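In what follows, a single structure is set out as C-alpha cells and then discussed.
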Number of protein chains: 2
Amino acid sequence: MTSAPDPLLKDLGMHFRKARMAAGLSQEQIALRANISRPRYRDIETGAAAARATTLVNVARALGMEMMLIPQAMVPAIQSMLQPAADDDDRPAFTSDVEEEEGV
Amino acid sequence: MTSAPDPLLKDLGMHFRKARMAAGLSQEQIALRANISRPRYRDIETGAAAARATTLVNVARALGMEMMLIPQAMVPAIQSMLQPAADDDDRPAFTSDVEEEEGV
DNA sequence: GGGAAAAGATCCGTAAACGTATCTATCTAA
DNA sequence: TTAGATAGATACGTTTACGGATCTTTTCCC
C-alpha cells in the first residue's frame, strides 16, 4: 500500500493482461519472451511498477503489439479503428483490443 | 561510453526531438510540462536513458502525442495514416510525425 | 481426493532512472 | 562587446525497476 497505484499503470497493465488472456499465454511465457522475470511482469500487469521504455516495448511485442506515438488529433480515428464500436473513455492512451488471436 | 546506446531509445528520442522542434519548444519547457528535470529529458531525447512508462506518457502528452498499443497487424495501416508517403523501415514502433503545430 | 500448473506475494541485492546543482559551449540580439 | 537563452555534460544522492529465490494460494484435471 505504499505509494498510490497510478491509474495509468493499472490501465496499461489491464491492456496487457487482456491481450495475454486473449492469446492464451501465461505470465511466465510473456516474461520469458520479454526478457524479464515473472514477478516483474506481474508487477507491470498489476500496475505495481512503471516499466522502462525498453521493457515496455519488449512486453508489447511479446503480446503481438507495438508501442506507437500518435498525434493527439488522430487518436480518436485510430481508436475507432481498433474497436468497431467503442465508448468514449477518459484518456485512452494505451489502447488495443486483441479480438482473439489464434495460431502460433 | 558505458553500455551500448540502444537504437530503440535513440529512435524514440529522435521522435521526441523532432516533435519538440516542430512545436518550437525548448527542452526545459517539455521537461517542465512532463514533470521531469531538464537533464533527464535530455537523456531521453538523446537515447541515453530508458524513461519509465509514466514518464514516457507524460513526455508524449507534453508534445501533443499519446502512447498507444497497436496490434502488429494494424501497424502498417496506421503508419501510412501518419505519414502520407513513408518508407518501409525496419521496426517502426514509436512513430509519429508532427507536421507543423502552431498555436500555443 | 491428489498433483501439477498458474498466479499471488514477499524478501534481498544490483542497476539504472530520477532530482538537484554546477559548469561550459553556442547562438542571437541589444 | 555584453547579456541572455538554449543546449551539452558532468557529478552525487535518492528512489525504484529489475533478477533471483522462495513460499503460499488458487485452479483445474486426472
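Only this structure's heavy atoms are used, side chains among them; waters, hydrogens and symmetry mates stay out. Naming: A, B, ... by sequence-line order, numbering from 1 per chain. None of these values were measured; they are calculated from a predicted model.
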When you get a sec, tell me which of C/dG19, D/dA17, D/dA9 is the closest nucleotide to the side chain of B/Arg52? D/dA17
DNA chain D nearest-nucleotide lookup for A/Pro39 and B/Asp43: closer to the 5′ end is B/Asp43
d(CD1, B/Ile44; P, C/dA16) in whole Å: 16 Å
If hydrophobic clusters are built by linking Ile, Leu, Val, Met, Phe, Trp and Tyr wherever their side-chain heavy atoms come under 4.5 Å apart, do B/Val57 and B/Leu32 end up in the same one? no
Just the rounded figure in Å: distance from P of C/dC27 to CE of B/Met21. 13 Å
side-chain contact (heavy atoms from CB on, under 4.5 Å) filter on A/Arg17, not counting sequence neighbours, yields A/Arg20, A/Met21, A/Gln27, A/Glu45, A/Thr46
Answer yes or no: does a side-chain N or O of B/Thr55 lie under 4.0 Å from OP1 or OP2 of C/dC18? yes
When you compare the side chain of A/Phe16 with that of B/Leu69, does any pair of heavy atoms fall below 4.5 Å? yes
Nearest whole Å is fine: how far is C/dA5 P from A/Glu28 CD? 11 Å
Which nucleotide in C/dA7, D/dC18, D/dA9 has an atom nearest any side-chain atom of A/Arg20: C/dA7
Under 4.0 Å between any heavy atoms, over every strand shown, what does A/Thr46 touch: base, sugar-phosphate, or nothing? Just pick one. nothing
With a non-hydrogen cut-off below 4.0 angstrom, is B/Ser26 in contact with a base, only sugar-phosphate, or nothing? sugar-phosphate
Let me know the distance between OH of B/Tyr41 and C1' of D/dT6, rounded to the nearest Å. 13 Å
Within this structure, what is the CZ-to-C1' distance between B/Arg17 and D/dA7, rounded to whole angstrom? 8 Å
Rounded interatomic separation in angstrom, taking CG from B/Leu56 and P from C/dA17: 12 Å
Walking DNA chain D from its 5' end, the first of B/Leu25 and B/Arg40 to be reached, judged by nearest nucleotide, is B/Leu25
Separation of C/dA16 atom P from B/Leu9 atom CG, nearest Å, is 12 Å
Do B/Arg38 and C/dT20 share a donor-acceptor pair, side chain to base, under 3.5 Å? no
Look at the side-chain N and O atoms of A/Gln27 and state whether any lies under 4.0 Å from the OP1 or OP2 oxygen of C/dG8. yes
Could you check how far CD1 of A/Ile30 sits from P of C/dG8, rounded to whole Å? 14 Å
Side chain of A/Arg42 only, heavy atoms from C-beta on: which candidate in C/dA9, D/dA17, C/dG19 is closest? C/dA9
Hey, does B/Met65 have a side-chain heavy atom less than 4.5 Å from the side chain of B/His15? no
Are B/Met81 and A/Val75 in one and the same hydrophobic cluster, where Ile, Leu, Val, Met, Phe, Trp and Tyr link if side-chain heavy atoms are under 4.5 Å apart? yes
